[in-house]
Engineer: 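Following this message is one structure expressed as structure tokens.
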Amino acid sequence: MEVTFLGGAKEVGKSALLVKGRKNQIVMDYGANTGKEPSFPMHVKPKEVHSVLLSHAHLDHSGGVPLFFLRDGVKLVTTGLSLELTSLLLQDFIKLSGFYLPFEYIDLLTMQKNTERIAMNDERQVAEEFTAKFPSSGHIPGGTTIILENDGRRLLYTGDVNLRDSQLISGMDTDFGEVDAVITESTYSMVDHEPREKIENDFVAFANEVVERGGVLLVPAFSVGRAQEIALLLRAKNFKHKVAMDGMALKTNEILFRYQEFLRDAELFRKTMENIEVVSGWGERKRLIRTPSVIISPAGMLMGGASVFYNQSLSQDQRNGISIVAFQVPGSPGRTLLDRGMTLVGGKMVPVKAEVRRFDFSGHSGRTELFEMLSRLKGKPKVYTTHGDGDSCDVFAKQITEKYGFESQAPEVGDKITV
Ligand SMILES: [Zn+2]
């Protein structure tokens with residue numbers, strides 16, 4: 001099979017691969033860069049594609065998928081949970097950026113109608129000459145890696161992966177069997193995360209500290225995954241005070257209730273969500289900012305959603321706290337808060353008085369885990385490094401060759417390889 005890197009090569013964003021067999025073509029992920037004016041991977045004619053395989057719901061992997069469904073004819077293959085979470089994120093994407101997008105809500109419905117929903121670890125024929133297997137990726141609920149097989153050759157595409165368990169989901173499944181080539185993410189190939197247990201304990205200690213001094217802790221968090229992870233963590237560590245959740249994260253909860261088989265501890269999830277305060281209106285928000293508690297609210301980078309209101313209301317009192325628990329894109333309000341201690345209140349940039357702390361709750365493997373994943377590969381596959389900023393893809397490729405003797409390279413967008 002021949003693989004073309006349509007996007008996500010030497011960059012984080014708009015991941016996409018085109019795989020050509022003798023008769024059929026398959027696309028794996030087709031993401032978007034979700035800036036003010038979104039951009040998409042290299043163009044592929046939908047009528048030449050048999051199916052699109054989607055690793056997980058994040059928009060940098062799924063944001064361009066509706067482009068294949070402007071009419072019927074293509075099949076989407078992904079887990080039922082990924083389909084629902086993708087639909088949720090795409091609806092929001094259309095609402096925020098609709099004017100710039102080359103698809104609309106109706107195409108989302110065509111996409112849903114043409115989806116083959118699979119269970120985790122299913123093996124399927126995805127085109128006449130292709131079969132694919134979808135083991136869990138440990139990255140977000142519903143997410144998988146993809147092992148694509150054609151003519152006796154096997155390609156592992158990792159999508160985004162996390163080797164370690166989190167509160168919400170179990171770590172990735174590394175039972176790959178023998179593969180001829182690997183296309184791996186490289187997001188944190190240059191850095192290690194702090195030990196998870198330490199991050200978790202530090203976070204819960206900070207939450208206790210803020211609430212016990214009469215303050216409110218705001219946790220701006222992405223709706224899918226991180227918001228639930230934080231709520232579950234507080235419950236698992238016996239946090240005794242009020243925890244409230246707001247915005248689109250609540251819609252994610254509703255979806256996860258229907259897909260509990262994807263969760264690491266469904267019982268913990270149920271108990272957590274039954275005890276959480278569901279915020280549903282402005283009266284409640286205004287009451288909440290005066291009640292010592294933890295408020296988990298999208299958007300994760302303070303770029304919209306109710307977290308903007310909470311941030312404005314809470315940032316000017318030193319008893320309060322703001323926990324940054326996700327990566328903050330340079331230029332985002334969350335990044336400005338972290339780097340400069342400044343935030344927008346009433347249209348003016350002002351210093352933040354609340355205590356701001358960052359906790360590295362990543363959904364990605366760090367450097368040690370990425371190497372550990374590769375060390376579990378059987379045989380001598382060729383390794384292609386993608387989904388990394390700056391020169392991290394190049395450096396990672398070089399280090400893989402030095403460490404394991406695998407032939408390895410960091411492809412550019414537009415490059416083609418043969419597996
Ligand atoms: Zn992701």
Side-chain angles (χ1 to χ4, degrees), residues 5-17 27-35 38 40-41 52-65 76 78-79 81-90 92-93 120 134-146 156-166 168-173 183-189 191 193 221-230 248-249 252 255-256 259 262 298-301 303 325-329 332 360-366 369-370 373 385-389 392-393 396:
F5 295 88
L6 303 174
K10 293 194 180 176
E11 64 177 337
V12 175
K14 51 180 179 186
S15 286
L17 300 164
V27 164
M28 290 200 282
D29 286 355
Y30 201 80
N33 277 353
T34 57
F40 296 92
V52 176
L53 316 184
L54 175 64
S55 68
H56 69 288
H58 281 152
L59 289 175
D60 60 330
H61 293 254
S62 70
V65 170
L76 174 64
T78 194
T79 62
L81 179 50
S82 284
L83 174 67
E84 296 214 26
L85 295 175
T86 300
S87 301
L88 180 71
L89 293 175
L90 282 170
D92 195 50
F93 192 28
M120 207 61 98
F134 299 86
S136 162
S137 65
H139 172 59
I140 59 166
T144 70
T145 59
I146 301 171
L156 165 65
Y157 167 54
T158 67
D160 294 348
V161 289
N162 189 6
L163 198 69
R164 302 274 181 258
D165 289 353
S166 60
L168 190 58
I169 50 172
S170 300
M172 78 180 289
D173 178 354
I183 297 170
T184 179
E185 67 131 313
S186 317
T187 323
Y188 290 101
S189 59
V191 285
H193 303 303
F222 298 122
S223 327
V224 173
R226 198 62 46 84
Q228 293 75 22
E229 176 71 15
I230 296 297
M248 221 167 79
T252 301
I255 295 171
L256 292 178
Y259 289 89
F262 286 86
M301 292 191 273
M303 272 201 281
V325 294
F327 178 74
Q328 306 292 309
V329 169
S332 64
D360 184 16
F361 282 103
S362 181
H364 290 267
S365 279
E369 290 89 30
L370 281 174
M373 171 186 79
T385 55
T386 60
H387 201 283
D389 277 329
S392 62
C393 292
F396 189 33

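First listed ligand is number 1; within each ligand, the first listed atom is number 1. Since this is a predicted model, take the numbers as computed values, not measurements.
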Engineer: Hey, which protein N/O/S atoms does the Zn ion (ligand 1) have under 2.8 Å?
Structural biologist: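 Short answer, with waters excluded from the count: His56 NE2, His58 ND1, His139 NE2, Asp160 OD2.
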
Engineer: Which heavy-atom pair separates Pro41 from Lys14 by the least distance, and what is that distance?
Structural biologist: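 Pro41 and Lys14 have their closest heavy atoms at CG-O, 3.7 Å.
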
Engineer: Which atom names give the shortest non-hydrogen contact between Ser137 and Thr145, and what distance separates them?
Structural biologist: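 The pair with the smallest heavy-atom distance is CB-N, 3.8 Å.
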
Engineer: So, using side-chain contact (heavy atoms from CB on, under 4.5 Å) as the criterion, who are the partners of Ser15 when residues are at least two apart?
Structural biologist: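 Applying side-chain contact (heavy atoms from CB on, under 4.5 Å) to Ser15 gives His61, Tyr157, His387.
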
Engineer: Listed by chain and number, what are the side-chain contact (heavy atoms from CB on, under 4.5 Å) partners of Ser166, not counting sequence neighbours?
Structural biologist: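 Only Leu168, Ile169, Arg196, Glu229 meet the side-chain contact (heavy atoms from CB on, under 4.5 Å) criterion with Ser166.
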
Engineer: Could you report the tightest heavy-atom contact between Gly143 and Ser82, atom names first, then the distance?
Structural biologist: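 In terms of heavy atoms, the two residues are closest at N-OG, 4.0 Å.
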
Engineer: List in chain and number order the residues that pass side-chain contact (heavy atoms from CB on, under 4.5 Å) with Thr184, two or more places apart in sequence or in another chain; answer none if no residue qualifies.
Structural biologist: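 Here the qualifying residues are Thr158, Val182, Leu370, Met373, Val383, Thr385, Phe396.
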
